[in-house]
Amino acid sequence: MNTPHTAPRRPLSTLEPGGEFIPRHIGPSVAEQAQMLAALGFDSMESFINSVVPAGIRSGAPLALNPPRSEAQTLAELRQIAAKNKIFRSFLGMGYSDTHTPTVILRNVLENPAWYTAYTPYQPEISQGRLEALLNFQTMIMGLTGMEIANASLLDEATAAAEAMTLCRRVSKAKGKTFFVSQDCHPQTIDVVRTRAAPFGLEVVVGHHQSDLDALDCFGVLLQYPASSGEIHDYAETIAKAHGKGALAVVAADLLALTLLKPPGEFDADVVVGSAQRFGVPLGYGGPHAAFFATRDRFKRDMPGRLVGVSVDAKGNKALRLALQTREQHIRREKATSNICTAQALLAIMASLYACYHGPRGLTAIAERVHGFTVTLAEGIKKLGYELTTSAFFDTFTVKTGAQTAALHAAARDHQMNLRAASADTIGIALDETTTRAEVEALWAVFAKAGAAAPDFAALEPSAPGRIPANLARTSAFLTHPVFNTYHSETEMLRYLRFLADRDLALDRCMIPLGSCTMKLNATTEMIPITWPEFANLHPFAPSDQAQGYAELFAALEKMLVACTGYDAVSLQPNAGSQGEYAGMMAIRAYHANRGEGGRNVCLIPASAHGTNPATAQMAGMQVVVVACDQNGNVDLNDFKAKAEKHSANLAAIMITYPSTHGVFEETVRDICDVIHAHGGQVYIDGANMNALVGLCQPGQFGGDVSHLNLHKTFCIPHGGGGPGVGPIGVKAHLAPFLPGHCIGFDNHLSTGAVAAAPWGSAGILPISWVYITLMGGEGLKQATEVAILNANYIAHRLAPHYPILYTGVNGRVAHECIIDLRALKDRSGVTVDDVAKRLIDFGFHAPTMSFPVPGTLMIEPTESEPKSELDRFCDAMIRIREEIHAIESGHMPGADNPLKNAPHTALELAGEWGHPYSREQAVFPVESLRTVKYFSPVGRVDNVYGDRHLVCACPPVSAYEDHSDDAGA
Ligand SMILES: *Cc1c(COP(=O)(O)O)cnc(C)c1O
């Protein structure tokens, strides 16, 4: 074509291929931003931001980051980094096994935004799909472990073991402060348990479960099954002994092995923990993977983590929801059973679906195959003249290798294989689902001494004896529920996945305006690399020379986060915000102790803090002192100063959130930091609200000593329906020596040890944040923050005539979120935050955050990714709802039977009788646009009280499904 065109401003060749990413990430166009600014009375973004963000905390310089890159170029650069990782075959075991992720699950769950962009299922009506998958997970864990109740995932096996220790401490009648840990537990588990024990003054004794327990006065024991060496011990006697002392027994177990082994519930274990990684979740150089936690029914109220329960909806139909929430940090705060918030929902969902896809017979076949290869391999190695030090085993054994140990490791490396250095003169070998005959033969070749003929596989296989002791073989059935026995063809699985996903609202359908949670775009380009084999298939304990790509990525990301926060050093190990808080508070604790001020144990926490803050401070051995907030939502300075003064001698720290959870930029934050420092304390700034700061201010510059960041909020890692997350911490230089170490990864000599099982926590998803920052550059990140603040203020501006905005800064503006106050409306109309939240579902929206940080309010955070049209659609819905509330206030609509109280309305209700004083149209199409796009929640309002009173935490029997034909499934 010869279309004439005007000359471009710069040569076309200098434009990035694929175009700029920034306007893809930021919702409102430049013109729309101008419209919104004008509505707020500003003529430029600069003057707007100047009026909102206090000058005293602004950083002068632009972010020290590279200019933005295009999506194509960023992925090309990352490919080069990824190529520096070498994917050897790792036979290292230690709780991590290679696995085949069924591709139907890979593509339709892990790579599907309907699953990965969902939020934690606190709004059960729009979460029935993921709740069902998580209930399946609980049922699967209960079945395999033989326990009475299981939660819906913890962060990793090591922290799950540490949580089990504290459960033992809470429920055991034994007086002792000692926790016994078998020396044949995975080393990283021992490391994390030691870290967690210290602040509680608990002593960890590591020893042999048979010989070292007798003389001990302990409240709990931790055993590994099969043990880290591979040995399958019969623990019945040890557990009886522990019970005799009043101690509880925790068994860390391998899920695949449990298909063939007697489950711990059948030999009287009190708690069973472990990792569900090998059920189809990629290694990812250490995570994210779901851990499980199962226990006795009578300990359910002491259990950590989320629990899915079966309840009923307003019409009496089966409906799922999160149960027993009064155990958790967001309600119980420093008295919670754990500080865990974000867990590993997406990975738990994948593992449960892996079990659905394979079913009990498929899983058993996989386990038998692995065991068969392992015994054949072992026989061959014996034939080659070696002695095994393991006698009963499933997929792992240890070989005496003596003087040849180093040479054997080297030979294995030559074949691109990693063997476990079990000790100076033994080698461990662990097989897994992906093992092939060729690999077994390659291993023999490594062990064959020069000139020796390798064993003959075909000859050995039939004669190799099974190594599972008869008295420990599994005899009980498991996974008998239809959900594990139906979806074995790909067609059925595909439709089941679609059926579940369709029941849920996620970011791929609508704005999720959850204050404090920052539900922003998780761009596809950011997600692409996580399933590249170079990132997905590395074992966390592979030698570091095979992980040079990861090392480069970590270093670059740490540098980026330093630039964003103004801190000096970063640890990427914590695998959730709560764990970052823990690592940060432990660094503060170690810092004080190192200076001879170990007595400092008071932590001030404003009343508005997120529940994880007090729960964490308690776990770090601190005494929580609550500081009041004033009527403007700011820290009450008088109360604060009085408490800092009063506890001066013992003051360890303050934990504050900035901007505060009240959604305002407090002018006084620098003064608060100064007062704490003057009293010898340290300042922990909860960085969950960094989406209001990046590019404008740095917590490390306005007084913070340490902060965690939620990479799954500000830096685009998706929430996955309740995890994964990454909660790295940034620290000033004086705290850097106290960042987490790791017994296998690296040593940080002053640190109190590891806070996560893997040295770099959830390494496998760190590429997401690296890609985001690379795409945006300093300029893009700053723009994102500005638009996040603009979007929140635009919503506040549109809603203010209809609902009171609870808090604003001195300038009358909010930060990146705003709280609307419904308490007065409730007094006048009886309408609660719940009613508004549920009515929003009828309009096709996920509710804002309810009753946090102030009961009776809604906290709205739109983020920069939402376009103006979606903000307006949301405001229109809220205004429409306000009119519906008016009708109740003015007596035009009865207080007990109205669109709010009956929300959400299901499709089922449209058929048959309609006895309400408003029309079906008003119920389900209150605004015109819903006639084109309509989401129906699959259940009506869920009854929370009923669910806790009649607690059921496993898949209901089939008859329950037959009762409710709408729930019959795919
Ligand atoms: C989300 C959040 C946390 C906890 O982070 P998780 O990753 O869920 O553990 C802590 N503080 C605040 C203010 C938060 O919003």
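Counting convention: from 1, in listed order, for ligands and their atoms alike. FYI, the numbering just counts along the sequence from 1.
- Listed by chain and number, the residues in a ring pair (Phe, Tyr, Trp, His ring centres under 6.0 Å) with W760 are Y285, F554, F746 (sequence neighbours excluded).
- With ring centers used as reference points, F535 lies under 6.0 Å from Y550.
- A side chain to side chain donor-acceptor pair (under 3.5 Å) with N613 holds for exactly one of T661, D686, N339; it is D686.
- Taking the six-membered ring where the residue is Trp, the centroids of H708 and Y582 are separated by 6.0 Å or more.
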Identify all N/O pairs between ligand 1 and the protein with a separation under 3.5 Å and present them as a table of atom names and distances.
| from | atom 1 | to | atom 2 | distance (Å) |
| --- | --- | --- | --- | --- |
| ligand 1 | 5 (O) | N710 | ND2 | 2.9 |
| ligand 1 | 7 (O) | T342 | OG1 | 3.3 |
| ligand 1 | 7 (O) | G577 | N | 2.7 |
| ligand 1 | 7 (O) | N710 | ND2 | 3.2 |
| ligand 1 | 7 (O) | H712 | NE2 | 2.6 |
| ligand 1 | 8 (O) | T342 | N | 3.1 |
| ligand 1 | 8 (O) | T342 | OG1 | 2.6 |
| ligand 1 | 9 (O) | G577 | N | 3.3 |
| ligand 1 | 9 (O) | S578 | N | 2.8 |
| ligand 1 | 11 (N) | D686 | OD1 | 3.4 |
| ligand 1 | 11 (N) | D686 | OD2 | 2.6 |
| ligand 1 | 15 (O) | S516 | O | 3.0 |
| ligand 1 | 15 (O) | S516 | OG | 2.6 |
| ligand 1 | 15 (O) | K713 | NZ | 2.7 |

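- Centroid-to-centroid, the aromatic rings of Y116 and H719 stay 6.0 Å apart or farther.
- No donor-acceptor pair under 3.5 Å is formed between the side chain of H816 and the backbone N or O of T518.
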